[in-house]
Amino acid sequence: MRAAAYPGTFDPVTNGHIDIIRRASKQFDEVIVGVLHNSQKTPLFSTEERVNILKEVTKDISNVRVCSFEGLSVDFVRTCGAQVFIRGLRAITDFEYELQMAQTNRIMAPDIDTMFLITSLEYAYLSSTTVREVAMLGGDVSKFVPSFVAEEMRKKYGF
Ligand code: ADP
């Protein structure tokens with residue numbers, strides 16, 4: 001069985017993330033989406049909320065599992081029984097950081113590889129940070145995230 005782990009913050013999950021999850025699910029028997037719990041940061045959505053949101057918006061993809069993790073992503077990949085990391089690449093600006101992370105992870109865990117999926121053109125501009133900013137200012141985010149997420153954001157910001 002070939003399993004891939006897709007770690008990230010997903011605060012919130014966007015259509016760009018979902019595109020990556022959907023495409024990865026066609027290449028692997030199982031995709032495990034890992035929601036990072038970082039006690040040093042205060043995200044918009046708690047870890048539990050992000051896990052529940054991801055479960056809801058990926059419920060139609062049968063080979064996707066969602067869980068949370070803390071600490072090193074290489075440990076998360078191993079615990080899941082996966083052999084590879086999935087990461088999404090948007091612009092050149094992602095590349096430098098992702099290259100550094102992939103090489104660091106490779107030294108820590110030579111048996112685990114990182115595979116990059118290039119963003120689909122229609123999501124190339126999309127980031128969770130921008131979506132949060134638009135929502136915070138009362139903008140409509142329904143073109144950037146699933147309607148369930150847009151609704152959860154409206155509730156969070158009290159619109
Ligand atoms: P992190 O904080 O680990 O970067 P994110 O949740 O922001 O977590 O992103 C997780 C992964 O998804 C990263 O590899 C990121 O580059 C990728 N990603 C984010 N937005 C998009 C997008 N619009 N298209 C493709 N990949 C994306």
Side-chain angles (χ1 to χ4, degrees), residues 3-28 30-58 61 64-80 82-106 108-109 112-136 139-150 152-153 156:
Y6 180 34
T9 310
F10 307 108
D11 188 35
V13 59
T14 69
N15 292 340
H17 293 126
I18 293 170
D19 174 60
I20 298 288
I21 295 170
R22 210 172 277 288
R23 285 160 57 201
S25 74
K26 292 181 184 147
Q27 302 296 331
F28 292 89
E30 188 177 34
V31 174
I32 305 111
V33 181
V35 174
L36 177 66
H37 175 75
N38 183 349
S39 52
Q40 317 280 9
K41 286 191 180 168
T42 313
L44 174 63
F45 291 104
S46 70
T47 306
E48 198 189 347
E49 287 171 326
R50 281 177 283 145
V51 167
N52 288 337
I53 290 172
L54 265 152
K55 281 184 178 166
E56 175 63 30
V57 300
T58 58
I61 318 172
V64 170
R65 185 152 60 88
V66 184
C67 55
S68 63
F69 75 100
E70 214 171 339
L72 289 174
S73 359
V74 279
D75 292 340
F76 165 66
V77 177
R78 282 231 175 82
T79 315
C80 293
Q83 299 82 33
V84 298
F85 277 109
I86 296 291
R87 294 289 288 174
L89 268 186
R90 282 163 298 186
I92 293 290
T93 42
D94 276 344
F95 182 78
E96 213 170 306
Y97 171 75
E98 292 292 344
L99 178 72
Q100 221 173 20
M101 280 314 302
Q103 288 177 332
T104 308
N105 286 333
R106 192 97 209 286
M108 288 193 290
I112 297 170
D113 244 316
T114 306
M115 289 193 185
F116 294 103
L117 291 180
I118 302 295
T119 179
S120 298
L121 260 187
E122 65 261 51
Y123 307 122
Y125 65 93
L126 199 49
S127 75
S128 299
T129 309
T130 311
V131 171
R132 282 199 307 273
E133 278 167 6
V134 171
M136 191 172 66
D140 175 14
V141 293
S142 59
K143 290 203 169 73
F144 312 133
V145 296
S147 52
F148 180 77
V149 180
E152 292 300 305
M153 293 191 91
K156 269 279 169 203

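Just so you know, ligand 1 is whichever comes first in the structure, and atom 1 is the first atom listed for that ligand. Values below: every heavy atom of this structure, side chains too, minus hydrogens, waters and symmetry copies.
The protein non-hydrogen atom at the shortest distance from atom 24 (N) of ligand 1 is Thr119 OG1, 3.0 Å. Among all protein heavy atoms, the one lying closest to atom 6 (O) of ligand 1 is Phe10 N, 2.9 Å. Ranking the protein heavy atoms by distance from atom 16 (O) of ligand 1 puts Gly88 O, 2.7 Å first. Of the protein's non-hydrogen atoms, the one nearest atom 11 (C) of ligand 1 is Tyr6 OH, 3.4 Å. From the protein, the heavy atom lying nearest to atom 18 (N) of ligand 1 is His17 CD2, 3.9 Å.
Contact annotation: for Ile20 versus ligand 1, heavy atoms closer than 4.0 Å belong to the side chain alone. Under 4.0 Å from ligand 1, heavy atoms of Thr9 appear from its side chain as well as its backbone.
Under 3.5 Å, the side chains of Asp140 and Ser142 contain a donor-acceptor pair of N or O atoms. For Thr47 and Arg50, the side-chain atoms include at least one donor-acceptor pair closer than 3.5 Å.
Under a cut-off of 6.0 angstrom, the local environment of NZ in Lys156 is crowded, with over 12 non-hydrogen atoms contributed by other residues, nucleotides or ligands. Around the CD atom of Glu48, the shell of radius 6.0 Å holds no more than 12 heavy atoms that belong to other residues, nucleotides or ligands. Crowding of Phe95 atom CZ: a count of heavy atoms from other residues, nucleotides or ligands under 6.0 Å not exceeding 12.
The aromatic rings of Phe69 and Phe76 lie parallel to each other, with less than 30° between the two planes, well short of the 60° mark.
Proximity of a side-chain donor or acceptor of Ser46 to a complementary backbone N or O of Glu49 within less than 3.5 Å is detected.
For atom 20 (N) of ligand 1, the nearest non-hydrogen atom from the set Lys41, Arg90, Arg23, Arg87 belongs to Arg90.
At a 4.0 Å cut-off, not a single heavy atom of Tyr125 sits close enough to ligand 1 to count as contact.
Residue Leu126 has at least one nitrogen or oxygen atom sitting less than 3.5 Å from a nitrogen or oxygen atom of ligand 1, judged on distance alone.
Ligand 1 places these atoms under 4.0 Å from at least one heavy atom of Asp94: 16 (O).
Looking at heavy atoms from C-beta onward, Thr130 lies out of side-chain contact with Phe144 at the 4.5 angstrom threshold.
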